[in-house]
Q: 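This is the structure, below, for whatever I ask next.
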Amino acid sequence: MKLSARNVLSGTVSAVTKGQTTAHVKITLPGGSVITASITNEAVDALELKVGDEASAIVKASDVIIGKA
């Protein structure tokens, strides 16, 4: 798969929680950090996502905001 996005974070699906229309998918990265994405239930089904699958979180954003406490 070729992508224009440069921020590809690969890991293992650690949870898939479906709601009425959207699902929360957690991907655990090497080192233990977790990325959570909200995607449609249809996308979960089309990708056949399940716990234990290898998957990537692909981030493409025009703005990233950083704050400091």
Side-chain angles (χ1 to χ4, degrees):
M1 167 176 44
K2 291 185 178 185
L3 302 169
S4 63
R6 296 291 176 241
N7 300 308
V8 179
L9 306 169
S10 298
T12 303
V13 176
S14 52
V16 178
T17 307
K18 284 187 172 182
Q20 287 191 344
T21 58
T22 60
H24 291 114
V25 178
K26 293 183 183 287
I27 297 176
T28 301
L29 306 177
S33 295
V34 177
I35 298 284
T36 303
S38 294
I39 64 174
T40 64
N41 289 333
E42 290 82 6
V44 170
D45 295 340
L47 292 169
E48 300 178 356
L49 287 175
K50 61 188 179 306
V51 172
D53 285 348
E54 300 222 358
S56 297
I58 302 158
V59 181
K60 182 157 179 122
S62 58
D63 295 307
V64 175
I65 299 170
I66 298 174
K68 181 178 177 185

Q: Write down the atom of Ala57, the atom of Ile27, and the distance for their closest heavy-atom approach.
A: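 So the minimum-distance heavy-atom pair works out to N-CD1, 3.9 Å.
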Q: Hydrophobic clustering (ILVMFWY, side-chain heavy atoms < 4.5 Å, transitive) - are Val44 and Leu47 grouped together?
A: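 In one cluster with Leu47: Val44, yes.
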Q: Counting only N and O atoms by type, is there a donor-acceptor contact under 3.5 Å from the side chain of Asn7 to the main-chain atoms of Lys60?
A: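 The answer is no, because no donor-acceptor pair under 3.5 Å joins these two groups.
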Q: Just how far is it from atom OG1 of Thr17 to atom CG of Asn41, taken to the nearest 0.5 Å?
A: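 CG of Asn41 is found 10.5 Å from OG1 of Thr17.
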Q: Between Val16 and Val51, which heavy-atom pair has the shortest distance, and what is it?
A: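 Heavy atoms of Val16 and Val51 come nearest at N-CG2, 4.3 Å.
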Q: To the nearest 0.5 Å, how far apart are OG1 in Thr12 and CG in Asp53?
A: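 Result: 9.0 Å between the selected atoms.
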Q: Treating Ile, Leu, Val, Met, Phe, Trp and Tyr as nodes and any side-chain heavy-atom pair under 4.5 angstrom as an edge, say whether Ile39 and Ile58 lie in one connected cluster.
A: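 Cluster IDs for Ile39 and Ile58 differ.
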Q: Roughly how far, to the nearest 0.5 Å, is CG of Leu29 from CD1 of Ile35?
A: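 Going from CD1 on Ile35 over to CG on Leu29, the span is 5.0 Å.
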Q: If you compare all heavy atoms of Lys18 against all heavy atoms of Asp45, which two are closest, and at what distance to 0.1 Å?
A: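 Result for this residue pair: NZ-OD1, 2.5 Å.
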Q: Looking at Ser10 and Pro30, what are the two nearest heavy atoms and their distance?
A: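 So the minimum-distance heavy-atom pair works out to O-CD, 3.3 Å.
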